[in-house]
Amino acid sequence: MDICIHIKLYTFLQLFLSFTHVTHSNGKLPGMLYPRDSESRSVRHLDGMWDFLIDTSPSRNLSFQQQWYSHPLRMFGEVMTIPVPASYNDITIDKQVRDFVGWAWYERTYYVDKNWDQERIVLRIDSAHYNSIVWVNGNQVMTHEGGHLPFEADVTSQLTIGGTNRVTVALNNTLTPTTLPPGTIQYQSDTNKYPPGYFVQNLQMDFFNYAGIHRHVTLYTTPKSAYIEDIDIRTSFQGSTGTVNYTIYNAGQIGFVQVRVDVIDKDGNSVAHSNQAQDTLTIRNANLWWPYTMNSSSPGYLYKLQVSVTSQSHSEKDIYRQPFGIRTVRVTATQLFINDRAFYCQGINKHEDADIRGKGLDYALIARDFEMLRWLGVNCFRTSHYPYAEEIMDMADQTGIVVIDESPGVGIVNDNNFSNKSLEHHKAVMSEMFQRDKNRPAVIFWSVANEPKSTNPLAENYFREVIEHVRSLDASRPVTFACNQNYANDTVVQFVDVILVNRYMAWYSDVSHTELIQRQLEYDLRGWHAKFNKPLIVSEYGADTIAGFHQEPSFVFTEEYQVEFLQEYHTTFDKLRGEFFVGEMPWNFADFMTVQGITRVVGNKKGLLTRQRQPKASAHLIRDRYMRMITGNTNICRV
Ligand code: BDP
């Protein structure tokens, strides 16, 4: 019985995974341009209140047997009202919903304007966690594996134009050994203790496995056949002249008869143009994209590549404006350069996590977070441990905050997480990340994983392949991952361009002994550099701290301990900075929710800020430190 359910759950996940990650005949992944309106395109969000029903049947398969997509959801059970975008977990007061594992169903109806009858209409979901199947008016239109990246389909032929339509999304949050992040479903067969078929989801990361439609659901239009499918922009500069190398991909077979490409500056002027779908443009007196700490007068300078294409018959014209920045990234054995100037990462780690909305997109939260990033003096963050919303990435581009763009490859620790199936999926996710974020100047590195078991002999080949794959997509950005292993037996750091290490001396080891931090940290960091001769960032360091807990002398979990702990790390960072040390990233920006367990008291409390985004004492310490770096009023040896 148990085994039977087990197989059913996995089989069902696999049933549709086999036809995801579509590639075109030329091997190119489908474009994933962010929906933007223009003279030729309309955008309509389907956000709002959706009907919601979870499939609690023991097999988690009843919804498919009954074909819940075939009729309105309310015909199959008592639906709840759940907002989109949001995680569903913390909205209701029902524990079964919060902790649910399996298929959760979303549905809403919407009207499609009759003026859209000449358009191609695309349905895009910016992110839904984890596996999704989508129907329009009862017809399956797309599937997607992965919880953090967009997917879309041309739904024109499925829609009733000038009438009502129904979209149904089935979402499964089950994590298996081959998902990213991986997890396991554990069945309990002792019926003296557990009811028949009882199972739990085990996670291999500490953050709560929030699920739901986390970002926008959008309908957007393009012309029927002559539309811009993708735009790839690579930039460099020589002296004051910028170079913009671009490729415009068109839709399938239909050739464009006319292409017009303009580089538009911030004032709306065209500063270069071409009539080719692929070309290299030069821009005199180019404004480079700078982190705000390197150029406070015009940080995050963005141009737009304005692309306009016309069809053979001249009946169709598509226009799309893609923001981009001109900047370069380069590393040597000891330094990191942005636009050929040394950059030091005054960093932080984040999570897309807050209160009731879980991981749901929230503009107020994004604005507050960027406000606090600037208040802290942060010039760099890592998207630990999955790609963040495009709206967050936009803010980073616009404000000149650098991003280490990390994949959801967190918790790759068991042998069965290194299988060929996992590897292929990991590569596909990296391709999707690249497709989405490739034109973003803020993204300076790709991080393929967080804390994999990189000492496992299986890790070497696995990550060699993943990293080679990323390099084949993008030769312009360094590739890395966050490592928590030891330099003596790690097998993967040999492949990266920059070393990221996560360190918790005086927390997960020698707890309370802050006096050991400097000795252990310096020995460790020097060891990494001596062995690999690459620049190094401490990509995590932190201690759990309950806001409002005080004790002098310091005691674990108090604000005093967190401050003392961070200060000890800082002394070593400052010592090594002139040598090979290029950045620091406290764990974490804010407290965040975790699974329930005896080592976490209502979540991970290593935030500098509370989950409500208010500062602990440590936030003032980091702010003071980073502000001194910005003003140069520091004893630190400056690069
Ligand atoms: C690190 C993980 C991070 C955890 C952190 C912690 O990378 O995701 O939240 O430890 O335990 O190992 O606080």
Side-chain angles (χ1 to χ4, degrees), residues 147-148 175 180-183 202-210 347-354 358-359 381-388 404-414 417 445 447-456 459 463 480-486 490 492-493 496 499-512 517 520-521 524 536-547 556-558 561-562 565-566 569 583-611 616 618 622:
H148 316 87
L175 299 181
L180 281 187
N202 293 322
L203 303 178
Q204 291 165 206
M205 76 278 190
D206 79 335
F207 56 92
F208 193 91
N209 190 32
Y210 279 114
I348 199 123
N349 288 282
K350 284 188 93 270
H351 256 300
E352 254 185 335
D353 166 282
K359 289 203 193 307
F381 66 83
R382 177 165 67 114
T383 67
S384 38
H385 300 307
Y386 38 82
Y388 293 173
I404 299 177
D405 205 357
E406 185 160 285
S407 87
V410 49
I412 305 175
V413 291
N414 299 326
N417 306 143
F445 304 158
S447 166
V448 298
N450 181 67
E451 301 191 349
K453 188 90 174 126
S454 54
T455 50
N456 184 322
F463 280 104
T480 186
F481 76 103
C483 181
N484 67 342
Q485 301 293 314
N486 190 297
D490 168 273
V492 180
V493 165
V496 304
I499 305 170
L500 303 191
V501 290
N502 296 350
R503 286 297 178 253
Y504 288 92
M505 289 118 182
W507 189 258
Y508 287 124
S509 57
D510 300 306
V511 62
S512 84
I517 290 172
Q520 295 184 1
L521 188 64
D524 178 47
L536 185 148
I537 292 174
V538 168
S539 43
E540 282 184 30
Y541 67 109
D544 280 277
T545 306
I546 313 227
V556 285
F557 291 103
T558 65
Y561 188 81
Q562 191 183 27
F565 175 101
L566 297 175
Y569 279 75
E584 52 193 270
M585 313 188 99
W587 188 261
N588 187 297
F589 174 69
D591 293 346
F592 60 91
M593 193 44 71
T594 59
V595 282
Q596 300 190 60
I598 50 169
T599 58
R600 298 285 189 261
V601 187
V602 197
N604 187 313
K605 296 284 191 288
K606 297 193 184 69
L608 305 179
L609 312 178
T610 62
R611 213 170 171 221
K616 301 179 191 171
S618 57
I622 294 291

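Order of listing sets the numbers, starting from 1, for every ligand and every atom in it. Just so we're clear, the structure is a prediction, and the values are computed from it rather than from any experiment.
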Q. Got a second to check how far Ile404's CD1 is from Phe481's CZ, nearest 0.5 Å?
A. 13.0 Å
**Q.** Spatial distance of atom CZ (Arg611) from atom CG (Asp353) [nearest 0.5 Å]
**A.** 4.0 Å
(Q) Is it true that Gln485 and Asp490 share a donor-acceptor pair across their side chains at a distance under 3.5 Å? (A) no
Q: Give me the ring orientation class for Phe565 and Trp507: parallel if the planes are under 30° apart, tilted from 30 to 60°, perpendicular past 60°.
A: perpendicular
Q: Specify the protein heavy atom at minimum distance from atom 11 (O) of ligand 1: its residue, its atom name, and the distance to 0.1 Å.
A: Tyr508 OH, 2.3 Å
Q) Does one side chain, of Asn502 or Ser539, offer a donor that lies under 3.5 Å from an acceptor on the other? A) yes
Q: Have a look at ligand 1 and work out which part of Thr594, if any, has a heavy atom under 4.0 Å from it: side chain, backbone, both or neither.
A: neither
Q | Any Asn484 heavy atom less than 4.0 Å from ligand 1 | A | no
Q) Is the closest heavy-atom distance from Arg600 to ligand 1 below 4.0 Å? A) yes
Q) Relative to the ring of His351, is the ring of Phe592 parallel (under 30°), tilted (30 to 60°) or perpendicular (over 60°)? A) tilted
(Q) Checking the side chain of Tyr541 only, and the main-chain atoms of Leu566 only, is there a donor and an acceptor separated by less than 3.5 Å? (A) no
(Q) Need the ligand 1 atom indices (1-based, order shown) with element for anything under 4.0 Å from a heavy-atom of Glu540. (A) 1 (C), 2 (C), 3 (C), 5 (C), 7 (O), 10 (O), 12 (O)
Q) Which atoms of ligand 1 sit under 4.0 Å from any heavy atom of Asn450? A) 2 (C), 7 (O)
Q) Side chain, backbone, both or neither: which part of Phe592 has a heavy atom under 4.0 Å from ligand 1? A) side chain
**Q.** Shortest non-hydrogen separation from Thr594 to Asn604 and the atoms involved
**A.** CG2-N, 3.4 Å
Q | Approximate separation, where rounding is to 0.5 Å, of Glu406 CD and Leu500 CG | A | 8.0 Å
Q: Identify, for atom 5 (C) of ligand 1, the protein heavy atom at the shortest distance, and state residue, atom and that distance.
A: Tyr504 OH, 3.4 Å
Q: Heavy-atom distances under 4.0 Å are what count here, so tell me which part of Asn502 touches ligand 1: side chain, backbone, both or neither.
A: side chain
**Q.** Protein contact to atom 13 (O) of ligand 1 [nearest heavy atom, distance to 0.1 Å]
**A.** Lys606 NZ, 2.5 Å
Q. Within less than 4.0 angstrom of ligand 1, does Phe207 place any heavy atom?
A. no
Q) To the nearest 0.1 Å, how far is atom 9 (O) of ligand 1 from its closest protein heavy atom, and which atom is that? A) Asp206 OD2, 2.8 Å
Q. Which atoms of ligand 1 sit under 4.0 Å from any heavy atom of His385?
A. 3 (C), 7 (O), 8 (O)
Q | Glu451 touching ligand 1 at heavy-atom level, < 4.0 angstrom | A | yes
